[in-house]
Amino acid sequence: MKTLSKILVANRGEIACRVFATARRLGIATVAIYSDADANALHVKHADESVAIGGVTAAESYLQIDKVIQACKKTGADAVHPGYGFLSEQPDFPKQLEAAGITFIGPSPDAIQAMGDKITSKKLSADAGVNTVPGYMGIIENAEHCQTIADEIGYPVMIKASAGGGGKGMRIAWNANEVVEGFERSASEAKSSFGDDRIFVEKFITDPRHIEIQVLADKHGNCIYLGERECSIQRRNQKVIEEAPSPFLDEATRTAMGEQAVALSKAVNYSSAGTVEFIVDRDKNFYFLEMNTRLQVEHPVTELITGVDLVEQMINVAAGQPLSLTQKDVVLDGWAMESRLYAEDPKRNFLPSIGRLVRYRPPSTDTTGDTIVRCDTGVEEGSEISMYYDPMIAKLCTWNTTRAAAIDDMCDALDKFELDGVGNNLQFLSAIMQHERFRAGRLTTAFIDEEYPDGFSDTDPPAELLKRFIVTAAALSQVNEGFYRQGKNRMLSAESQADSVVVRVSRTNYPVVVKTLDEGFEILSAGESNDQPVILTTEWLPGQQVAEVTINGQTSAFQVFKHATGFELWHAGYQLKAQVLSERKAQLASLMLEKVPQDMSKYLLCPMPGLIVALNVKEGDKVEAGQPLAVVEAMKMENVLQAQKSGVVAKLPVSVGDSLQVDEVIMEFE
Ligand code: ADP
Ligand code: ADP
Ligand code: MG
């Protein structure tokens, strides 16, 4: 049996860091590779050695097999872990590694090849007795052909790229008209992302759940499954929140899915860790979607409920060892949640954001009582989120004995996640965690579309929560003033006093009386005569971004951003601006007019930095609401920009191929 002594990770970001951590624990040396854009990246610092491979885009850097092999030779690395994405599912990669005498930590090229193609893998699954989605198991030639097949299957249908992955290259069509556009976009996205535009069509299962099975197999014919993960919370077919186990499965369905996943794995002589994805309808019928022949992004939730380190298992299997556990050793314990933190702005239709993380302090990976918090991250304070790679910043996981407790832990961990400088979905994740339907486990892949049909925007918190915001703002303001008074004259701060102030939130004034106690504050909301004062304590100091606040014995965290006359507070998925004013100033504030933002509806602005890949109209064209106007590519996604209302294109200052900045004018209407 060979042993691996030095592992190179042909990847970047959090997954490179993740693999290094296990290698280090096992006493195996580590090597990072990095592109020009990643010279200062965290994964480089987490490896024993690193090799610059040049290039900036994925194609110039992390997708270059030659450069990876050269880096192995240069450093003497005897094995490569591919992470996910990039080269992880390219059969050529393990083939070339093998030819160079380097061990690939993953399955055989044949298994990757068979499963990497959605059409082939679907046929293979059907042969192995696995349930598959009804549809056409062939290649679609063109848009007309697509329409004919879709008519036969019956709407809605899912148009998919055979080479697809990461939610790219797929579109739903609800009727014949949508098929043409869907076919073209899928094919074009597939061509640019995977260099392969073969398309197939299958029935779109409505209101489904995405539930996947983790498998683990060795090179001696042993194969086991490690339970399931539910990944139904998705946006644009891209996972956002995952959990294990699934709140939907019963033991019988779990076993049936597990056994089918194992049967499929055995049919392709699978070895290493892999994931068989299923779509499950409301009657618990399940259908094979695809097999991912690699470590999955959301593998931590499985690790948290099974106690198995999947990377360690992959390393052992690659070294030729038999699996150290059997099916009956797999015990699912407790509940784990994962939130994917993306650099995207949920309030701007989830458009990707880029920039520098001027503040970045995730909650630390820790165990307290029953709670486990795990944060897998590939960035640090000061890191740049570039437009060249994946927009995922971190994966935040929590574990507890029950689902409800794991969710509560996640809420708290999200509230304590300090991040500034790059648009992100923290607040959105938090809102989902608070959502009653999510907490009840009534999930489908349409959850986000159904619950946030107009996107995610600021809403007012329920009354009880609003009150917590108000008293927190009042107390923080008091701490703030005390802090500066203290600087000038320590005497003044010692005296206990009652201040009448007004907390102004969304143009409403909430008068409160704040009394400074020896420890903390007593706060009485005026106007409600039967109201009991609230006792609030906090150790917060001005300049800190997270305030842990105990209100009548209940502790929670608020994110605090100081403004001239108050604070912006984030908590539980709500973001509130609270001004704290004297009574006189509050009266005057009520008389002020709100600033009206400039009307930009005459312009189509570029919503993110990106490349114009298509312009569907020209100057003088009449457009109708909903009509596609332009396609902008950013972070590997093609975004179709549609007309918001009908009008005539007056000016079109850009051309296909132009690189635009955020808010640059793409076209102007009359
Ligand atoms: P699934 O493949 O089922 O979506 P995961 O969410 O685990 O499962 O993985 C997503 C895959 O797509 C990963 O391999 C990831 O690296 C890749 N991916 C995600 N976003 C991008 C991107 N912007 N560019 C290239 N690859 C991406
Ligand atoms: P990818 O390789 O991009 O991960 P998948 O085939 O795994 O592609 O599909 C990604 C997601 O798209 C699934 O998790 C599911 O939400 C949705 N999806 C895919 N196929 C179907 C289908 N036939 N019916 C309904 N939803 C589907
Ligand atoms: Mg998938």
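Every number for a ligand or one of its atoms is a count from 1 in the order of the listing. Side chains included, hydrogens not; waters and symmetry mates left out as well; all remaining heavy atoms used.
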Item checked: Test of ring centre spacing under 6.0 Å for Tyr342 and Phe350 -> no
Judging by distance only, is a nitrogen or oxygen of [X] under 3.5 angstrom from one on ligand 2?
| X | value |
| --- | --- |
| His210 | yes |
| Met170 | no |
| Phe204 | no |

Next item on the list: Just give me the atom name: the N, O or S atom of Glu290 closest to the Mg ion (ligand 3).
Entry: OE2
Note to self: Only N/O/S atoms count here: what is the atom of Glu277 closest to the Mg ion (ligand 3) called?
What the structure shows: OE1
Check: Can a salt bridge be assigned to the pair Arg437 and Glu450 using a cut-off of 4.0 Å between side-chain N and carboxylate O?
Finding: yes
Note to self: Can you tell me which portion of Thr206 lies within the under-4.0 Å heavy-atom range of ligand 2? Options are side chain, backbone, both, or neither.
What the structure shows: neither
Check: Side chain, backbone, both or neither: which part of Lys239 comes within less than 4.0 Å of ligand 2 when only heavy atoms are counted?
Finding: neither
Note to self: Out of all atoms in ligand 2, which are within 4.0 Å of some heavy atom of Gln234? Include the element for each.
What the structure shows: 11 (C), 13 (C), 14 (O), 15 (C), 16 (O)
Notebook entry, point to check: What atoms of ligand 2 come closer than 4.0 angstrom to any heavy atom of Lys118?
Noted result: 1 (P), 2 (O), 3 (O), 5 (P), 6 (O), 8 (O)
Item checked: By side chain to side chain donor-acceptor pair (under 3.5 Å) - contacts of Thr302 (at least two apart) -> Arg229
Checklist line | Sequence neighbours excluded, every pair satisfying side-chain hydrogen bond (donor to acceptor under 3.5 Å, both in side chains) that has a member inside residues 123-137 | finding: Asn131-Gln260
Notebook entry, point to check: Any side-chain donor paired with an acceptor under 3.5 Å for Asp117 and Ser162?
Noted result: yes
Notebook entry, point to check: Does NZ or CZ of Lys284 come closer than 6.0 Å to the centre of the six-membered ring of Phe248, within 45° of the ring's axis?
Noted result: yes
Check: Counting only heavy atoms not in Gln642, do more than 12 sit closer than 6.0 Å to its CD atom?
Finding: yes
